[in-house]
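Worksheet: the structure to be examined is printed underneath.
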Amino acid sequence: MNSGWKAEIAAVFGKELRSELRSRSGLTTAGLFGIVTVFTIAFASMNTKLDGNIAAGLLWVAVLFSSIVSLPRTFVTEEEQGTGDLLRQWARPHAVYWGKALFNLAQLGAMSLILSFLYLGFTGLDLKIAWLYWLTLFAGCAALAGAVTLTGAIVARAANRSSLAGAIAVPILLPIMAAGVAGMRAAFGSGFAESGAMSALGLVGYAVATFAIGPWLFAAIWKS
Amino acid sequence: MNSGWKAEIAAVFGKELRSELRSRSGLTTAGLFGIVTVFTIAFASMNTKLDGNIAAGLLWVAVLFSSIVSLPRTFVTEEEQGTGDLLRQWARPHAVYWGKALFNLAQLGAMSLILSFLYLGFTGLDLKIAWLYWLTLFAGCAALAGAVTLTGAIVARAANRSSLAGAIAVPILLPIMAAGVAGMRAAFGSGFAESGAMSALGLVGYAVATFAIGPWLFAAIWKS
Amino acid sequence: MGRATLAGVLEVKTLGKRFAGRWIFRGLSFDLVKGDRLAVLGPNGSGKSTLLKVIAGLLPQSEGQVKLPCSDVRKCLALSALEQSLYPSLTALEHLDLAARLRACESRAGSLLKMVGLEHASDLQAGHLSTGMKARLKMALAVQAQPAVLLLDEPGASLDEEGRALVEAIVLEQAARGCVLFASNDPSERRLANLELRLES
Amino acid sequence: MGRATLAGVLEVKTLGKRFAGRWIFRGLSFDLVKGDRLAVLGPNGSGKSTLLKVIAGLLPQSEGQVKLPCSDVRKCLALSALEQSLYPSLTALEHLDLAARLRACESRAGSLLKMVGLEHASDLQAGHLSTGMKARLKMALAVQAQPAVLLLDEPGASLDEEGRALVEAIVLEQAARGCVLFASNDPSERRLANLELRLES
Amino acid sequence: MGAATVWSFHISPAMGFQQPELARIFVWHFPCPILATVLLLLGGWFSANYLKTKDRHWDERAASANELGFIFCLLTMATGIVFSEVQWGAWWQWDPRQTSFLVVLFIYAAYFAVRGAFPDPERRASHSAAYALTAILPALFLIFVFPRLPQIVSFHPSDSILKGKIKGEYAYVVLTLMLLMGILSVWLYRLRVRAGLMALDSEFNNAELAIGSSTSTPTGVVRPVRISPEDGGSA
Ligand code: HEM
Ligand SMILES: Nc1ncnc2c1ncn2[C@@H]1O[C@H](COP(=O)(O)OP(=O)(O)OP(=O)(O)O)[C@@H](O)[C@H]1O
Ligand SMILES: Nc1ncnc2c1ncn2[C@@H]1O[C@H](COP(=O)(O)OP(=O)(O)OP(=O)(O)O)[C@@H](O)[C@H]1O
Ligand SMILES: [Mg+2]
Ligand SMILES: [Mg+2]
């Protein structure tokens with residue numbers, strides 16, 4: 001049974017990966033956005049020293065936006081291609097949610113890694129507390145992936161998907177970003193370390209919650 | 001003839017508009033999206049004073065974001081729905097390009113108006129050179145709309161080579177951002193006014209160029 | 001013909017579907033036993049495809065129930081529809097493997113592709129298949145899990161002679177396993193059925 | 001039958017299409033005059049749809065030329081294909097208006113919808129139309145501009161009796177205006193043609 | 001209500017505020033967010049019920065609760081803004097409390113955007129329900145937790161309840177007013193729900209009328225056709 005779930009989730013994940021690698025529209029768009037964003041920020045803050053507060057905020061804006069740009073596509077594409085019914089016939093909702101969420105997580109993780117390196121490279125900030133930085137980043141990505149997969153499913157069948165996605169995803173995700181910013185500030189050495197750690201833990205909790213509750217909510221909208 | 005072009009462009013524009021506003025909440029959603037976007041920016045820089053440079057950078061990130069979000073809708077959706085061939089049969093490429101680009105421009109313009117008012121209101125930055133600000137903003141939007149429309153076409157058509165599309169798009173977009181940020185900086189009073197004006201003019205030129213050359217490049221991609 | 005003695009495979013009770021306040025069909029009740037081949041007929045827009053989708057659980061019904069022989073829909077029901085599109089960037093083989101893994105049935109990809117005459121096209125992306133080849137692949141996907149209830153929406157459309165023969169073979173094979181419902185606009189397909197349901201628009 | 005005396009409507013010279021190094025068809029040359037009705041036949045995957053797409057200019061040919069009577073493709077050629085999808089959120093009426101404005105021909109929406117029997121569905125979004133209703137709408141869109149060359153890919157598929165009669169009417173009407181090519185898997189449609197082209201796979 | 005209002009103007013000026021006599025607005029400011037929170041939680045609960053029993057009456061209740069909750073959010077914001085003008089001398093400065101609560105407004109504005117995006121009622125119901133449930137966690141976080149995070153520097157009082165700084169007649173006024181507003185909101189809610197359910201049922205009735213009186217006549221019947229040999233075999 002358990003292994004059954006694993007196999008199904010893996011199957012969905014693999015399918016997403018394969019189609020994304022063959023037509024990279026999702027990755028391209030996100031990567032495109034990320035790179036240009038980092039460049040813009042770097043350019044804007046060229047001859048001004050970034051302090052940790054702003055830096056954290058900027059980085060999270062980049063991560064949040066690029067997640068929103070690329071992730072809803074996972075379900076929007078299904079509906080626009082008309083392949084949604086195939087998945088509905090073949091797969092159990094939980095497997096679909098987990099498979100897609102994990103794929104989104106992988107995609108987002110990869111992207112935020114690239115973003116981080118570019119960003120840290122460009123702005124020449126130094127990490128006071130490296131582990132806190134990475135913990136926050138990845139917990140944040142997990143929370144984002146879980147939540148955005150759900151929002152993607154919610155908007156997929158709406159006529160005005162693109163703007164609806166932004167409108168509902170951003171406010172839902174802002175708390176994640178807030179916690180993320182708090183964590184990063186601490187990691188950049190401004191703000192209290194322990195409070196930073198707290199918010200990182202908060203992120204972990206939120207991520208767990210989304211991945212636990214998400215499938216149930218998803219099941220409800222997926223079959224209607 | 002000329003009127004013919006007008007009618008066709010209007011038709012494409014109207015089609016985009018209709019499918020976007022088909023749902024009851026179309027417009028309000030778009031507005032909400034804009035508000036939420038700028039808000040995120042303000043949120044990121046939570047209780048820290050912004051200086052003109054960063055502010056300019058952030059604003060442009062927001063504009064870029066709202067342009068990229070609409071990017072897939074322009075052509076990726078056409079191809080995924082399988083409606084591309086309809087347009088190819090009915091419309092002349094130039095009409096398609098202009099119609100879609102103008103729609104993106106309208107959307108982006110409206111969005112960046114909302115963005116500006118909220119942003120200036122919230123962050124309490126004062127415009128040293130108002131006309132420069134607005135000139136930069138709209139020239140930038142035009143350039144972005146033109147470029148993004150083209151990029152969308154490449155991403156959609158060059159299915160498996162779409163990472164190449166990204167590689168093409170980045171250099172197209174970077175100058176816009178750079179010039180935009182430079183112009184805004186000047187408008188916010190940091191940086192030299194004349195260099196700001198220069199880059200604003202640069203943007204105008206760039207926008208004109210995109211809308212002039214864009215259709216030809218587009219026609220090449222579109223019919224293959 | 002002693003139908004009563006046979007165990008029911010599919011039971012449909014007072015089924016009704018409403019779109020935007022308009023009833024497409026209503027009060028449909030029938031139950032099919034092993035070996036039944038029901039042809040769903042009716043003019044364009046009479047609700048054939050809708051009925052099949054509702055039975056397949058892809059659309060929520062507005063009233064009534066559908067009773068399937070087993071609890072897990074993935075295992076005991078399959079739909080192959082003309083309108084259904086495939087993943088353009090996945091190959092025929094990958095489609096079969098994906099479906100098999102998700103449905104937890106063994107993927108008889110090789111034999112299935114052979115049966116529907118796609119053995120040469122197994123590595124073509126579905127986006128590059130012709131209409132008829134897609135239809136064949138969809139049939140292969142439908143029978144893969146050997147469902148008790150097989151739903152075919154316009155199986156013959158877009159298929160050549162050989163393809164239509166294949167449809168007939170599949171329908172008869174399915175009749176030995178359970179029951180089959182097919183919606184059709186092609187009068188020549190009526191001969192495959194032993195039962196008919198005519199929907200009025 | 002004095003074909004030579006008639007003005008050619010469509011000329012196809014040594015036309016060939018290659019996909020990934022494989023020739024789907026090659027060296028096709030024919031030339032159609034007013035009144036010609038060419039049936040493109042062949043098994044699934046033999047290249048019928050590809051040929052029509054190439055003639056319509058939706059796919060670039062690998063060799064050869066296609067000569068149309070007028071320079072503006074929008075005006076003198078139209079394709080209605082089974083595979084073609086419509087804008088899900090636009091209504092039937094909006095489709096006709098959009099096409100008319102883009103092609104700069106007058107939109108006879110009312111009469112066209114009446115002709116294809118969609119007068120009641122004119123305000124339904126295309127995403128909510130049934131397969132056959134979509135097919136009818138596509139035919140209406142194709143004949144709207146009264147093109148010299150009409151291409152139909154599997155016109156009969158997914159249409160009911162009335163619909164097939166409609167196809168026949170349209171083919172004959174078109175023959176009076178120019179020429180028509182239709183790809184078909186349905187043997188009963190061969191009778192509509194006066195010429196046949198059989199593609200081998 | 002009116003009486004309480006009058007009362008609220010006769011009570012002793014609120015202690016602990018810079019301009020006590022103006023701080024009376026607090027008695028209005030405080031109950032709103034509390035009621036809003038309660039209503040939003042109710043909305044979530046109803047949404048959950050809808051997802052369990054696909055009964056659209058629950059959807060109506062959820063919509064009503066969220067609408068009313070949204071209104072109280074707006075009231076909170078309004079009173080809060082006035083309050084901050086009085087106490088902090090500015091209509092709006094980026095106090096984390098203001099910021100975070102603004103996001104709450106966005107979240108629930110988006111709820112109505114979602115409802116508007118789906119014409120098909122069943123779909124609207126399920127999608128908005130899922131969204132409402134997704135929204136609750138972030139909303140609560142933004143209302144109660146975020147402004148109290150240690151690294152957040154907010155001027156906004158956060159402990160006057162916990163530490164019981166509100167006492168005496170003042171507390172009574174707050175409580176009675178809260179009570180009254182509670183009753184008012186219950187009343188409004190029931191009105192709204194009744195209206196909604198009426199609309200719903202009438203829609204169903206119209207659906208019945210749409211096919212005339214024939215509520216039971218099937219639109220099609222299965223009839224056997226000539227039995228072919230292999231069918232005889234299987235039967
Ligand atoms: C737009 C500005 C404001 C907003 C959005 C707002 C919002 C809220 C909210 C949501 C609560 C209940 C949740 C909680 O207790 O944390 C609350 C409680 C309260 N607010 Fe405000 N408020 C604003 C401005 C103010 C101002 C300017 C004052 C006075 C200086 C004030 C005084 C209080 C007090 C005393 C409470 C009681 C809750 C407690 O102390 O624990 N508020 N406000
Ligand atoms: N989502 C929807 N919203 C509203 N009406 C719909 C929707 N889907 C289908 N319909 C309507 O339901 C009716 C039946 O559609 P359906 O596709 O079941 O017909 P059909 O019998 O399959 O026709 P065909 O023979 O053309 O396939 C059509 O009139 C169509 O307009
Ligand atoms: N983009 C493509 N890339 C590679 N091969 C393709 C592509 N499109 C079509 N083909 C191949 O070309 C052949 C002809 O396809 P086409 O759709 O023209 O067949 P058809 O005659 O229309 O078949 P059907 O009767 O099923 O409609 C098929 O074998 C298909 O695999
Ligand atoms: Mg159908
Ligand atoms: Mg074909």
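Every chain is numbered from 1 and lettered A, B, ... according to where its sequence line falls, protein lines coming before strand lines.
Both the backbone and the side chain of A/Ile154 come within less than 4.5 Å of a heavy atom of chain E.
In this structure, A/Leu164 CG and E/Phe118 CZ are separated by 6.5 Å, a value rounded to the nearest 0.5 Å. Interatomic distance, A/Leu150 CG to E/Tyr131 OH, rounded to the nearest 0.5 Å: 11.0 Å. Taking CG from E/Leu137 and OG1 from A/Thr210, the interatomic distance works out to 8.0 Å, rounded to the nearest 0.5 Å.
Taking all atoms of both residues into account, the shortest heavy-atom contact from A/Pro171 to E/Val103 is O-CG1, 4.0 Å. Across all their heavy atoms, E/Ala135 and A/Ile172 have their closest contact at CA-CD1, 3.5 Å. The minimum heavy-atom distance between A/Ala167 and E/Ala110, with the atom names listed, is O-CB, 3.9 Å.
Sorted by first and then second residue, the side-chain hydrogen bond (donor to acceptor under 3.5 Å, both in side chains) pairs involving residues 133-148 of chain A (not counting sequence neighbours) are A/Ser116-A/Tyr133. A salt bridge (Lys or Arg N to Asp or Glu O under 4.0 Å) check over residues 64-77 of chain E, counting only residues at least two apart or in different chains, returns the pairs E/Glu67-E/Arg192.
Under the 4.5 Å side-chain criterion, counting only non-hydrogen atoms from C-beta, A/Thr151 is not in contact with E/Thr134. A heavy-atom distance below 4.5 Å is not found between the side chains of A/Leu174 and E/Pro138.
For residues 212-222 of chain A, a heavy-atom distance under 4.5 Å to chain E picks out A/Leu217, A/Ala220, A/Ile221, given by residue number. Below 4.5 Å, heavy atoms of chain A meet heavy atoms from E/Leu51, all part of residues 42-52 of chain E.
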